[in-house]
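Structure record follows, encoded as structure tokens.
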Amino acid sequence: GLRKEVELCIWAVLALPDGTLVSGDSTGRVQFWDGDQGTLIQSFHQHKGDVLTLAATRQGNAVYASGVDVQLAEFKHVPSKQNASSSQDRWVYTGMKRSHSHDVRALAVAPAPSRSSSSSSS
């Protein structure tokens, strides 16, 4: 029989400080890649539509993904020292929010303001 080929489009790529690459694609997948070897580390299919954008914390220990399904998904890095079931670091899906009514095309992670930077005027 004939196989129907599905076209895949990578919409977003993100490089983390440790060299891990993250991709978001038209199948709704968020994938974590070894940047040195080019091999797939983990794949998550949490989204029901295209993943259009990715963002990460400055430390690279949390990644956020969103897109056509307006879901904001969070993934957190679990170092092998904290992961009793494996000797390798891994990523876990920690949850989602639906706070938008249209496609999300851009994300940014801003640090919380420090308490010392807020000043009271007298």
Side-chain angles (χ1 to χ4, degrees):
L2 296 173
R3 279 184 28 192
K4 187 177 183 180
E5 289 191 35
V6 177
E7 198 170 299
L8 175 73
C9 183
I10 305 296
W11 291 115
V13 175
L14 180 67
L16 300 179
D18 69 355
T20 300
L21 298 176
V22 187
S23 64
D25 65 38
S26 58
T27 66
R29 283 187 169 76
V30 175
Q31 299 186 86
F32 293 82
W33 302 85
D34 180 311
D36 292 328
Q37 301 294 319
T39 54
L40 182 64
I41 298 170
Q42 281 183 268
S43 181
F44 296 90
H45 194 198
Q46 304 304 136
H47 291 274
K48 293 182 173 87
D50 299 27
V51 175
L52 301 177
T53 184
L54 300 164
T57 58
R58 183 175 297 170
Q59 302 84 0
N61 57 358
V63 170
Y64 303 91
S66 195
V68 174
D69 69 356
V70 306
Q71 168 180 269
L72 176 65
E74 179 184 58
F75 303 90
K76 288 212 171 165
H77 185 248
V78 178
S80 58
K81 294 173 195 164
Q82 298 173 10
N83 181 6
S85 64
S86 173
S87 63
Q88 294 183 324
D89 291 2
R90 67 184 188 114
W91 289 88
V92 293
Y93 169 71
T94 57
M96 66 82 136
K97 292 184 184 235
R98 288 190 193 276
S99 54
H100 299 279
S101 58
H102 293 74
D103 296 5
V104 178
R105 298 182 185 202
L107 289 174
V109 177
S114 65
R115 295 184 191 269
S116 62
S117 66
S118 60
S119 59
S120 58
S121 50
S122 35

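Quick note: residue numbers are just sequence positions, from 1.
At a threshold of 4.5 Å between side-chain heavy atoms, the hydrophobic network of Ile, Leu, Val, Met, Phe, Trp and Tyr places Val109 and Val104 in one connected group. In this structure, Val63 is a member of the same hydrophobic cluster as Ile41, with clusters built from ILVMFWY side-chain heavy atoms closer than 4.5 Å. In terms of hydrophobic clustering, with Ile, Leu, Val, Met, Phe, Trp and Tyr side chains grouped at heavy-atom distances under 4.5 Å, Trp11 and Leu14 are assigned to different clusters.
The closest donor-acceptor contact from the side chain of Asp69 to the backbone of His47 lies at 3.5 Å or more, if one exists at all.
Side-chain contact check for Met96 versus Gln46: every heavy-atom pair is 4.5 Å or farther apart.
Residues forming a side chain to side chain donor-acceptor pair (under 3.5 Å) with Ser23 (at least two apart in sequence, or on another chain): Trp33. Taking the side chain to side chain donor-acceptor pair (under 3.5 Å) definition, one finds that Asp34 meets it with nothing, sequence neighbours left out. Scanning for side chain to side chain contact (heavy atoms under 4.5 Å, CB included) contacts around Ala12 gives Leu54, with sequence neighbours left out. For Thr53, there are no side chain to side chain donor-acceptor pair (under 3.5 Å) partners at least two apart in sequence or on another chain. Every residue meeting the side chain to side chain donor-acceptor pair (under 3.5 Å) condition with Thr27, not counting sequence neighbours, appears here in chain and number order: Asp25, Arg29. Annotation: side chain to side chain contact (heavy atoms under 4.5 Å, CB included) contacts of Val13 (sequence neighbours excluded): Ile10.
Closest approach of Tyr93 and Phe44 over heavy atoms only: N-CE2, 3.9 Å. The shortest non-hydrogen separation linking Gly60 to Pro17 is CA-CD, 3.8 Å. For Ala65 against Val30, the heavy-atom pair with the smallest separation is CB-CG2, 3.6 Å.
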Working for side-chain contact (heavy atoms from CB on, under 4.5 Å), residues Gln71 and Lys48: CA-CA 9 Å; Gln71 168 180 269; Lys48 293 182 173 87; 5.7 Å; no
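Expressed to the nearest 0.5 Å, how far CZ of Phe75 lies from CG of Asn61 amounts to 14.5 Å. Annotation: the span from Leu16 atom CG to Thr57 atom OG1 amounts to 8.0 Å, rounded to 0.5 Å. In this structure, Arg105 CZ and Leu52 CG are separated by 7.0 Å, a value rounded to the nearest 0.5 Å.
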